[in-house]
Structure formats: C-alpha cells, structure tokens
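Residue numbers begin at 1 in each chain, while the letters A, B, ... track the order of the sequences.
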2 protein chains.
Amino acid sequence: MTIDHDGMVPVYRQLAAILREAIHRGDYLPGRAIPSENRLMQEHGLARETVRKAIGVLADEGLVQAVHGRGVFVVERPSG
Amino acid sequence: MTIDHDGMVPVYRQLAAILREAIHRGDYLPGRAIPSENRLMQEHGLARETVRKAIGVLADEGLVQAVHGRGVFVVERPSG
DNA sequence: AAATATTTGTACGTATGTATG
DNA sequence: GCATACATACGTACAAATATT
C-alpha cells in the first residue's frame with residue numbers, strides 16, 4: 001500500500017484506510033499496539049500531524065485507542 | 001459574541017475584536033495564554049488560518065505575543 | 001533512585017490548493 | 001486579480017506519561 005499525494009483522497013484518510021485494513025487482516029491484534037507515530041511517519045514518509053489525523057479517524061471509529069506514553073492500541077470490541 | 005459570516009467585517013477581524021475585548025475585560029490575564037488556535041477554531045467554528053489572522057492582528061497591536069510550541073500570551077505592557 | 005529513551009499530547013510556524021465574492 | 005476563508009500537509013518545539021537502563 002502506497003500513499004498517493006496527488007490523489008483526490010486526503011493523505012491522512014489514505015493512511016487511515018491502510019491501517020484499518022491491516023487491523024481487519026489481523027496484522028495488528030486486539031489489545032496490542034499499532035506502530036508508533038514515529039514509525040508510521042518514517043515508513044510512509046509523512047508528517048506527524050498527518051499520522052495523528054489518520055489515527056484520529058480510527059479512534060473516532062472505535063477501532064483503536066491511544067494511551068499517553070504507551071502507544072495506540074487495537075480495541076478488543078470495535079464499537080460498530 | 002458570535003461571528004457573522006455574512007457581515008461586512010471580515011471574520012478574522014470580528015474574532016480579533018472578540019479576543020481584544022476579552023483581554024481588556026481581564027478574561028485573559030497578562031502573562032497568561034489565550035485559548036489555543038485549535039480551541040478557538042472549535043469554539044468559533046473557524047479555519048486555522050482565520051484564527052491565526054485574528055491573532056496576527058492582536059500581535060501587531062502588541063496585545064499578545066505568540067511563542068512557538070507554547071501558546072499565545074497576553075503581554076504585560078501593551079505597546080500603545 | 002536517577003538518567004535516558006520512547007511515545008503520545010499540545011501548540012505555533014509555514015506552505016499549498018481550492019473556493020468564493 | 002485580489003482578499004477572504006477553509007482544508008490539507010509538512011516542520012519545529014516543548015510537555016507529560018511511560019518504559020528502559
């Protein structure tokens with residue numbers, strides 16, 4: 001999965017979609033953390049704000065939950 | 001205080017006036033920070049650039065001073 | 001206990017693109 | 001064309017919570 005900077009879909013939504021699918025595939029398991037913001041920045045070549053926006057989308061969906069100083073965790077029971 | 005999007009006065013100047021009066025009232029004290037850009041965006045339903053322009057007006061007046069990574073502070077000695 | 005590293009939280013600085021009047 | 005306004009995106013800085021050494 002690659003980010004298209006010139007596409008019509010905002011980059012942060014593209015990243016959100018990538019992470020969402022990875023979670024649904026089981027790449028990131030419930031109760032465990034997804035890669036850190038810094039890792040996502042490096043791996044996708046994005047700014048932190050963009051990464052955090054993507055995570056925010058998934059958090060709004062109830063898919064993940066960020067914990068200060070620990071990481072962003074996949075929730076056991078996605079609300080929806 | 002509410003923003004009038006259809007008025008003759010630009011929104012960022014309306015917001016500047018709102019913040020200026022709040023400072024003069026003492027809602028925001030010298031040496032302390034006014035609400036963050038994000039908060040002002042949310043509370044007034046405005047875009048960041050608009051909020052930043054309003055802050056820019058007050059900064060030009062010497063009423064506030066933005067500090068990178070910290071906030072926008074009410075100055076102790078308004079120049080004027 | 002202390003120092004360091006990791007990670008998320010918050011906040012300002014800058015730039016670009018799009019749309020409207 | 002220009003000023004206004006919104007959305008997106010990258011850059012830089014500091015703070016707080018947690019983890020590691």
- [ ] Go through A:Leu29 and A:Val74 one step at a time and tell me if the side-chain contact (heavy atoms from CB on, under 4.5 Å) criterion holds.
- [x] CA-CA 6 Å; A:Leu29 299 175; A:Val74 181; over 6 Å; no

How many Å lie between [atom1] on [X] and [atom2] on [N], as a whole number?
| X | N | atom1 | atom2 | answer |
| --- | --- | --- | --- | --- |
| B:Leu15 | D:dA5 | CG | P | 10 Å |
| A:Leu40 | C:dT7 | CG | P | 11 Å |
| A:Asp6 | D:dA9 | CG | C1' | 13 Å |

Given [N], is OP1 or OP2 found less than 4.0 Å from the side-chain N or O atoms of [X]?
| X | N | result |
| --- | --- | --- |
| A:Thr50 | D:dC10 | yes |
| B:Lys53 | D:dT4 | yes |
| B:Tyr12 | D:dA5 | no |

TODO: Answer yes or no: is there a donor N or O on one side and an acceptor on the other, between the side chain of A:Gln14 and the main chain of A:Val9, under 3.5 Å?
DONE: yes

Task: Any strand: nucleotide that pairs with D:dC14 via Watson-Crick or wobble, under 3.5 Å - done: C:dG9

- [ ] Check side-chain contact (heavy atoms from CB on, under 4.5 Å) between B:Ala22 and all other residues, then give those that pass, not counting sequence neighbours.
- [x] B:Arg25, B:Asp27, B:Tyr28

- [ ] Report, as a single string ordered 5' to 3', how protein heavy atoms within less than 4.0 Å touch nucleotides 11-21 of chain C: B base, S sugar-phosphate only, - not at all.
- [x] BBBB-------

Task: Residue pairs involving residues 3-18 of chain A (criterion salt bridge (Lys or Arg N to Asp or Glu O under 4.0 Å); sequence neighbours excluded) - done: none

Task: side-chain contact (heavy atoms from CB on, under 4.5 Å) between A:Val11 and A:His44, intermediate numbers included - done: CA-CA 10 Å; A:Val11 174; A:His44 296 90; over 6 Å; no

- [ ] Step through the shown structure and confirm whether more than 12 heavy atoms of other residues, nucleotides or ligands are within 6.0 Å of CD on A:Gln65.
- [x] no

TODO: Take A:Arg13 and A:Met41, find for each the nucleotide of DNA chain D with the closest heavy atom, and name the residue whose nucleotide sits nearer the 5' end.
DONE: A:Arg13

